[in-house]
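Every heavy atom of this structure was used, including side-chain atoms; hydrogens, water molecules and symmetry mates were not.
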Amino acid sequence: MSTTTPQRTAKPTAPPVTSIRVYNTLSRTKEPLATVKPGQVGIYLCGPTVYDKAHMGHMVGPVIFDTIKRYLTYSGYKVTWVVNITDVDDKLIRKSGERGISMAALAEEMTQDYLSNLAGMGVDQIDRMPKATECMGDIIKFVEALIARGFAYESAGDVYFDVAKDSGYGKLTNRTLDALQGEGGDTAARKRSPHDFALWKRTKPGEPSWDSPWGAGRPGWHIECSAMSKSILGETFDIHGGGLDLIFPHHENEIAQSECCHGKPMAKYWMHNGLLKRSAEAGKIGGRSERDAAPTQPNGVMAEAGGYDPNAADDKESRSKGAGGLAELLAQQGGERIRFFLLRTHYRSTVLFSDEAIAEAATGLDSFYRLFKRIERITGRSFYDLPTADRTSGCLEKANHPTLKQVQEARERFLAAMDDDFNTGGAIGELFELARAINKLIDDEKLEDGQASDPARHATLLQAACTLRELSATLGLFLQPVVRAAGADDKHVAGVMQLILELRAAARAKKDFATADKIRAALGTAGVALTDRAGETEWDASAAPAGGPLAELMKLVVELRAAARAAKDFATADQIRAGLTTAGITLADRAGETEWTI
RNA sequence: GGCGCCGUAGGCAAGUGGCUAAGCCAGCUGAUUGCAAAUCAGCCACCCCCGGUUCGAGUCCGGGCGGCGCCUCCA
């Protein structure tokens, strides 16, 4: 850093916070965040071209920028976040033609898919989502201005940006025009330089088009971002983001257009997120190799000298591919898992994405959910109802308790990590530290001894929990209880029913008809009817309430096990635990009660 | 060829030159539990290699080796 920071000498965290640093692709260094307007941040993130269903890779940018907005807001900034939707493009035209629907219909369908996936990931901080087709006026005006200033020219109904006129061209990616290799594509004949790029494309027969001073046509890929960011955020705004793969040519060309048009910087900070891959050797998800891959054999004929089994690797890949779309993955895993998984790694890193990796993250995530239940058992308060605090106030009073001192220190490290280019990986490490401190507090002070009614004993716990909530909320985590998709319980029900019927059969064999009848009665309450037939018992749960019979069944099972334990019949108690484990349900014995979890 | 990024334990992953190199998963030991789960405590890293700068380098510089991205549509 070349700048000194005298502003840090006064209040450490007077809003807005000034200690935040951001990695800027333009300078290739981390820079202190100094916004165009004091206390305000304008962010423009390049959104998707909606020609196909979203994949995981499309979620990385939205998740990190959703987090960035939350954190900046928490730190005292007023943030405006824009994500564009590109709904006119060659691929949209081709794809809608293949499906025999209009481009607008295809775009609408895929936009809805994108939006629902964003919602599933907890991305809800976006302020504006402009569509290219709704900003045609701004786009045409922008192109006209570039022509008027001599940076663009018309050619046979197309309009091109004249890169030779832009002395700054290549500054984002540190390359010169000479270093570029492109041939100019199939429109090269109409361009002055092969590196000139289209601002406006004349229409071809049957294509959607808009009227313009150059005849009917549609915008080039880059111009919409220049036009829409200008009209919403201004000629110079704070942060422009996107995937690493957009740096060139997309963002380089945006800079060329906007800065030649306005004679001033387009964005102060260019932030680029890393890309997802399936394995260290594979290309990025949704990348060329995946898009071009034949259905059968994606690999070339690279000789395998080592002892690897290439078929095994292929199996793995095709299995992940065949696992279904993003919407299915989200439904199956839950958005919070994926979000947590993505946030564990720094946003600029490449992330290796696999079912195994998500499962591993989920194991860690579950320990937080268990902690929340523990807190609720003790204090009677849901973690999700605890207040969130802003950065200046926090929720800690004077740290007069060793645990609160630890919490305080972890909070400071969390903030330092996030201030340092939004290091969510380091920040999550501190969340685990907080969880451990809270669990230890509960253990050490025996808060879980059944005397949960004394609020005075909960003060320290609640302050610590509140801090955990305050910090995790800035990551968009643990905002609300995770709801399980209905229907997933069916196989658990089957497993539990098998166990219950075994128990009842055993009771009947011992002539313990009191227990057998109790089981039948309890099942009746749960909406499960039994029919005894020769050698086996049938069951029918069609009368069960909306949520399914599982909760009632488990109440019964827990009761049966308690009775067995009271009678020192540990064989039966253990049989019950084992049966439930087989059914995918685990039991936890606590003072006075037994809790079950899937 | 040009422009960039990366290489930290069995796996993943933080680490802004300086006390014992975060954290997660897996594994091992102990406390606790009728058993189990959970929780807590403890164990588990010569930071890819070789030079250099420095009192001191995982961290800075140079050179290797290895991996990846972009230079064509891409989040």
If you look at every strand shown and take non-hydrogen atoms under 4.0 Å, does A:Ala357 touch a base, only sugar-phosphate, or nothing? nothing
Taking any heavy-atom pair under 4.0 Å as a contact, classify A:Pro249: base, sugar-phosphate, or nothing. sugar-phosphate
How would you label the contact of A:Gly57 with the nucleic acid (heavy atoms, under 4.0 Å): base, sugar-phosphate, or nothing? base
Name the pairing partner of B:rC3, where a pair is Watson-Crick or G-U wobble with both distances under 3.5 Å, or state none. B:rG69
Taking atom CD as the centre, does A:Glu98 end up with more than 12 heavy-atom neighbours from other residues, nucleotides or ligands that are less than 6.0 angstrom away? yes
From CG of A:Asn439 across to C1' of B:rA41 the rounded distance in Å is 13 Å
In B/S/- notation, 5' to 3', how is nucleotides 15-32 of chain B contacted by protein heavy atoms closer than 4.0 Å? S------BSBS-------
How many Å lie between CG on A:Leu587 and C1' on B:rG34, as a whole number? 15 Å
When all nucleic acid strands are considered with a 4.0 Å heavy-atom cut-off, which category describes A:Leu431: base, sugar-phosphate, or nothing? nothing
Write down the distance separating the P atoms in B:rA38 and B:rC44, rounded off to the nearest Å. 23 Å
What I want to check is whether the side chains of A:Asp89 and A:Thr49 have a donor and an acceptor closer together than 3.5 Å. no
Which part of the nucleic acid, if any, lies within contact of A:Arg94, taking any heavy atom under 4.0 Å across all strands shown: a base, the sugar-phosphate backbone alone, or nothing? nothing
Look at A:Ser349 and B:rA14 and indicate whether a side-chain polar atom (N or O) is within less than 4.0 Å of OP1 or OP2. yes
Distance check, C1' atoms only: B:rG42 and B:rU32, in whole angstrom units. 15 Å
Would you mind pulling out the nucleotide paired to B:rC19, Watson-Crick or G-U wobble, both distances under 3.5 Å? none
Qualifying residues under side chain to side chain donor-acceptor pair (under 3.5 Å), relative to A:Thr572, sequence neighbours excluded: A:Asp569
Can you measure A:Asp443 atom CG to B:rA41 atom P for me and round it to whole angstrom units? 8 Å
Using a heavy-atom cut-off of 4.0 Å across all strands, would you classify A:Thr586 as base, sugar-phosphate, or nothing? nothing
Mate of B:rA38 across any strand shown (Watson-Crick or G-U wobble, both atom pairs under 3.5 Å) is none
Could I get the full list of salt bridge (charged side-chain N to carboxylate O under 4.0 Å, His left out) partners for A:Arg374, not counting sequence neighbours? A:Asp443, A:Glu448
For A:Tyr369, what residues pass the ring-ring contact (aromatic ring centres under 6.0 Å, His included) criterion, not counting sequence neighbours? none
Provide the Watson-Crick or G-U wobble partner of B:rC24, both distances under 3.5 Å; none if there is no partner. B:rG11
Please give, in whole Å, the distance from B:rC73 C1' to A:Asp90 CG? 9 Å
Quick one: which of B:rG2, B:rC35, B:rA75 gets closest to the side chain of A:Arg577? B:rC35
Side-chain contact check for A:Thr345: nearest option of B:rA37, B:rG34, B:rA13 is B:rA13
When A:Asp245 and A:Thr350 are each assigned the nearest nucleotide of RNA chain B, the 5'-most assignment goes to A:Thr350
Parallel, tilted or perpendicular: ring planes of A:His251 versus A:Trp270, cut at 30 and 60 degrees: tilted
First locate atom CZ of A:Arg436, then atom OG of A:Ser367, and finally report the distance between them rounded to the nearest 0.5 Å. 11.5 Å
Got a sec? Which of residues 562-574 of chain A come in under 4.0 Å of RNA chain B, heavy atoms? A:Arg565, A:Phe570, A:Asp574
Any salt bridge (Lys or Arg N to Asp or Glu O under 4.0 Å) involving residues 184-198 of chain A? Give me the pairs, sequence neighbours left out, ordered by first then second residue. A:Asp158-A:Arg190, A:Asp162-A:Arg192
Indicate, yes or no, whether a donor-acceptor pair under 3.5 Å links the base of B:rC35 to the side chain of A:Asp589. yes
Contact class for A:Leu244 (heavy atom, under 4.0 Å): base, sugar-phosphate, or nothing? nothing
Which is true for A:Leu371 with a 4.0 Å heavy-atom rule: it touches a base, it touches only sugar-phosphate, or it touches nothing? nothing
Expressed in angstrom and rounded to an integer, what is the separation of A:His195 atom NE2 from B:rU72 atom C1'? 12 Å
Residue set satisfying ring-ring contact (aromatic ring centres under 6.0 Å, His included) with A:Phe372, at least two apart, ordered chain then number -> A:Phe383, A:Tyr384, A:Phe478
Please confirm whether any donor atom in the side chain of A:Arg348 sits under 3.5 Å from an acceptor in the base of B:rC5, or the reverse. no
Using the ring centroid of each side chain, check whether A:Tyr347 and A:Phe65 are separated by less than 6.0 Å. no
Nucleotide B:rA37, atom P - distance to CD of A:Glu448 in whole Å: 17 Å
Let me know the distance between CZ of A:Arg377 and C1' of B:rU39, rounded to the nearest Å. 10 Å
Kindly say if A:Lys284 contacts the phosphate of B:rC70, meaning a side-chain N or O under 4.0 Å from OP1 or OP2. yes
Paired with B:rU53 by Watson-Crick or G-U wobble geometry, both distances under 3.5 Å: which nucleotide is it? none
How far does the C1' atom of B:rC6 sit from the matching atom of B:rG58, given to the nearest Å? 14 Å
Contact class for A:Gly47 (heavy atom, under 4.0 Å): base, sugar-phosphate, or nothing? sugar-phosphate
I need the full list of ring pair (Phe, Tyr, Trp, His ring centres under 6.0 Å) pairs touching residues 166-200 of chain A, with sequence neighbours left out, sorted by first then second residue. A:Phe161-A:Phe197, A:Phe197-A:His222, A:Trp200-A:Trp214
Separation of atom CG in A:Asp355 from atom P in B:rG11, rounded to whole Å: 20 Å
Under the ring-ring contact (aromatic ring centres under 6.0 Å, His included) test, which residues partner A:His58, sequence neighbours left out? A:His55
